[in-house]
Amino acid sequence: MKTSFIFLADGFEEVEALTSVDVMRRAGMPVVTVSINAGREVTGAHGVTVVADSVYGDNDYSDAEWVVLPGGIPGAPNLASCEPLCQLLNDRDEQGGKIGAICASPAVVLGNLGLLAGRNAVCYPGMEETVEGVNWGKTQVAVDGNIVTGNGPAAAAPFALTMVSLSMGEDKAREVASGMLLEC
């Protein structure tokens with residue numbers, strides 16, 4: 001299976017990032033965490049510092065399974081200010097590559113890049129007001145074509161399970177959810 005990449009910027013939402021890593025790895029998906037900082041240490045919005053598996057320039061993203069953006073403030077704006085990441089997102093969308101974004105990142109990153117124009121998506125409540133032309137929903141998770149969006153920390157597990165389901169099938173997602181005592 002192809003590798004998925006979860007991008008971390010200072011101020012990332014810890015629950016969203018680490019739940020995605022955990023759930024996807026439980027499913028057997030190869031996942032690499034990527035710091036957009038100069039070094040591998042990244043501090044989340046709530047003071048949790050993690051050591052990412054790599055920094056942005058360490059990886060070849062051309063054959064990625066998923067490119068995933070956790071939210072958080074200032075994590076999402078920090079991701080949005082990373083020009084190489086924004087170019088990667090634009091290129092992936094043009095090629096139909098799978099993109100996941102949760103919390104503030106659907107609006108702050110994908111929305112501001114125009115990647116959600118005319119699509120169904122969700123984001124952290126109130127953030128949708130910052131981007132026009134998106135069909136903003138009220139569910140925890142939305143799927144539109146190659147893009148999966150989640151609305152916030154409480155949606156972290158359903159968001160990650162949706163990516164598992166789309167890559168490995170609903171049975172695998174139910175198996176992982178069951179092992180975590182979650183309903184899928």
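Everything quoted here is computed from the prediction, not taken from an experiment. If you read the sequence from its start, that first residue is 1, and numbering goes on from there.
Remark: Asp53 engages Arg25 in a salt bridge, criterion side-chain N to carboxylate O under 4.0 Å.
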Next item on the list: With ring-ring contact (aromatic ring centres under 6.0 Å, His included) as the test, would you mind laying out the steps for Tyr56 and Tyr61 before giving the verdict?
Entry: CA-CA 10 Å; Tyr56 189 89; Tyr61 305 106; 5.0 Å; yes
Checklist line | Leu88 and Phe7: CA distance, side-chain angles, deciding distance, side chain to side chain contact (heavy atoms under 4.5 Å, CB included) verdict | finding: CA-CA 12 Å; Leu88 171 66; Phe7 293 87; 3.9 Å; yes
Check: Going through the checks in order, is the side chain to side chain donor-acceptor pair (under 3.5 Å) test met by Glu170 and Ser165?
Finding: CA-CA 5 Å; Glu170 289 182 29; Ser165 178; 4.8 Å; no
Check: Under the side chain to side chain donor-acceptor pair (under 3.5 Å) criterion, do Asp91 and Gln95 qualify, and how do the steps go?
Finding: CA-CA 6 Å; Asp91 293 346; Gln95 299 161 2; 5.7 Å; no
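Interatomic distance, CZ of Arg40 versus OG of Ser54, reported as 8.0 Å (0.5 Å rounding). In this structure, the separation between CG on Asn120 and CG on Asn135 is 5.0 Å, given to the nearest 0.5 Å. Taken to the nearest 0.5 Å, the CD1 atom of Ile102 stands 11.0 Å off from the SG atom of Cys123. For the atom pair Met24 CE and Met29 CE, the distance stands at 3.5 Å (nearest 0.5 Å). Taken from OG in Ser35 to CG in Asp10, the straight-line distance is 7.5 Å, to the nearest 0.5 Å. Between atom CG of residue Leu69 and atom CG of residue Leu89 there is a gap of 5.5 Å, rounded to the nearest 0.5 Å.
Looking at heavy atoms from C-beta onward, Pro30 lies out of side-chain contact with Lys2 at the 4.5 angstrom threshold. Side-chain contact between Asn151 and Thr139: absent, with no pair of heavy atoms (C-beta onward) separated by less than 4.5 Å. Counting heavy atoms from C-beta on, the side chains of Lys98 and Arg92 come closer than 4.5 Å. For the pair Asn112/Val131, a side-chain contact is recorded, criterion being any heavy-atom separation below 4.5 Å from C-beta on. Counting heavy atoms from C-beta outward, Arg119 and Ile147 have side chains that approach closer than 4.5 Å. Within the 4.5 Å cutoff, no side-chain heavy atoms of Val34 are placed close to those of Asp58. Side chains of Val50 and Thr33 form no contact here, defined as non-hydrogen atoms less than 4.5 Å apart.
By the rule that hydrophobic residues join a cluster once side-chain heavy atoms approach within less than 4.5 Å of another member, Val141 and Tyr124 end up as members of separate clusters. Val21 and Val67 fall into different hydrophobic clusters, defined by Ile, Leu, Val, Met, Phe, Trp and Tyr side-chain heavy atoms under 4.5 Å apart, directly or through other members. Under the 4.5 Å side-chain contact rule for hydrophobic residues, Val42 and Val68 share a cluster. The cluster map of Ile, Leu, Val, Met, Phe, Trp and Tyr, joined by side-chain heavy atoms under 4.5 Å apart, puts Met168 and Val31 in the same cluster. A continuous path of Ile, Leu, Val, Met, Phe, Trp and Tyr side chains, each step under 4.5 Å between heavy atoms, connects Ile6 with Phe12, placing both in one hydrophobic cluster.
Of the possible polar contacts, one joining the Thr130 side chain to the Met127 backbone as a donor-acceptor pair under 3.5 Å is found. Between the Thr19 side chain and the Val15 main chain, a donor and an acceptor come within less than 3.5 Å of each other. In this structure, Thr149 contributes its side chain and Val122 its backbone to a donor-acceptor pair below 3.5 Å. With hydrogens and angles ignored, the 3.5 Å screen pairs a side-chain donor or acceptor of Asn78 with a backbone N or O of Pro74.
Here the closest heavy-atom approach between residue Trp66 and residue Gly100 is recorded as CE3-N, 3.9 Å. Nearest approach of Leu116 to Gly111, heavy atoms of both residues: CD1-N, 4.0 Å. Summarising the geometry of Gly96 relative to Asn146, their closest heavy-atom pair is O-CB, 3.5 Å, with the distance given to 0.1 Å. Closest of all the heavy-atom pairs between Gly71 and Glu16 is N-OE1, 2.9 Å. Contact between Leu8 and Pro70 at its shortest, heavy atoms only, is CD2-CG, 4.2 Å. The two residues Val148 and Phe159 make their nearest non-hydrogen contact at O-CE1, 3.6 Å.
Pairs engaging residues 41-51 under the side-chain hydrogen bond (donor to acceptor under 3.5 Å, both in side chains) rule: Glu14-His46, Thr43-Thr49 [sequence neighbours left out].
No side-chain donor-acceptor contact under 3.5 Å links Glu94 and Asn90.
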